[in-house]
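Step one of this worksheet: look at the structure below.
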Amino acid sequence: MSLSKRLKDLRTENHWTQKELSDKLSIPRTTYSGWETGEREPDVEMLKKIALTFSVSVDYLVGNTEIRSNAETLSFHRAGKYDDDLPPEAVERI
């Protein structure tokens with residue numbers, strides 16, 4: 001799923017308007033709107049701020065995983081549901 005779709009989905013799940021969310025992020029509404037339409041993308045620092053605002057991981061925001069939070073990721077791995085493609089050292093760290 002694309003970043004723009006994730007942003008819109010998360011915003012609507014929280015019943016926020018673009019204006020309300022842009023105010024929370026201290027940015028102009030037009031900047032946020034550009035992210036939702038895919039015309040622009042937030043920088044890394046803003047991705048972190050957005051992730052904190054929605055209590056999700058940056059990996060979830062950018063579409064690297066369907067798991068929303070770092071806590072969910074850790075639980076997933078502890079339950080032994082990690083990808084078999086992980087290198088042994090990554091499995092060891094988990």
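One-based numbering along the sequence shown.
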* Can you find a heavy atom in the side chain of L47 that is under 4.5 Å from one in the side chain of L3? -> yes
* Should S57 and I67 count as side-chain neighbours, where that means a heavy-atom distance under 4.5 Å? -> no
* **Contacts of K19 that satisfy side-chain hydrogen bond (donor to acceptor under 3.5 Å, both in side chains) - sequence neighbours left out** => D23
* Considering only heavy atoms from C-beta outward, does the side chain of R68 approach that of L10 to under 4.5 Å? -> yes
* **Residues that S2 engages under side-chain contact (heavy atoms from CB on, under 4.5 Å), provided they are two or more places apart** => S4, K5
* Near K8 NZ, under 6.0 Å, is it more than 12 heavy atoms from other residues, nucleotides or ligands? -> no
* **Non-hydrogen atoms of L25 and Y32 that approach each other most closely** => CD1-CD1, 4.4 Å
* In one Ile/Leu/Val/Met/Phe/Trp/Tyr side-chain cluster, 4.5 Å: L61, M1 -> no
* Side-chain donor/acceptor of T53 to backbone N/O of K49, under 3.5 Å -> yes
* Asked: Got a sec, which pairs hit salt bridge (Lys or Arg N to Asp or Glu O under 4.0 Å) with one end in residues 24-41, sequence neighbours left out?
  -> R11-E36
* Mind checking what makes side-chain contact (heavy atoms from CB on, under 4.5 Å) contact with N14, not counting sequence neighbours? -> W16, F54
* About how many Å separate CG of L7 and OG1 of T12, when rounded to the nearest 0.5 Å? -> 10.5 Å
* **Set of residues satisfying side-chain contact (heavy atoms from CB on, under 4.5 Å) with respect to E45, sequence neighbours excluded** => D43, K48
* To do: Would you name the heavy atoms of W35 and I50 that are closest together and state the gap between them?
  => CZ3-CD1, 3.7 Å
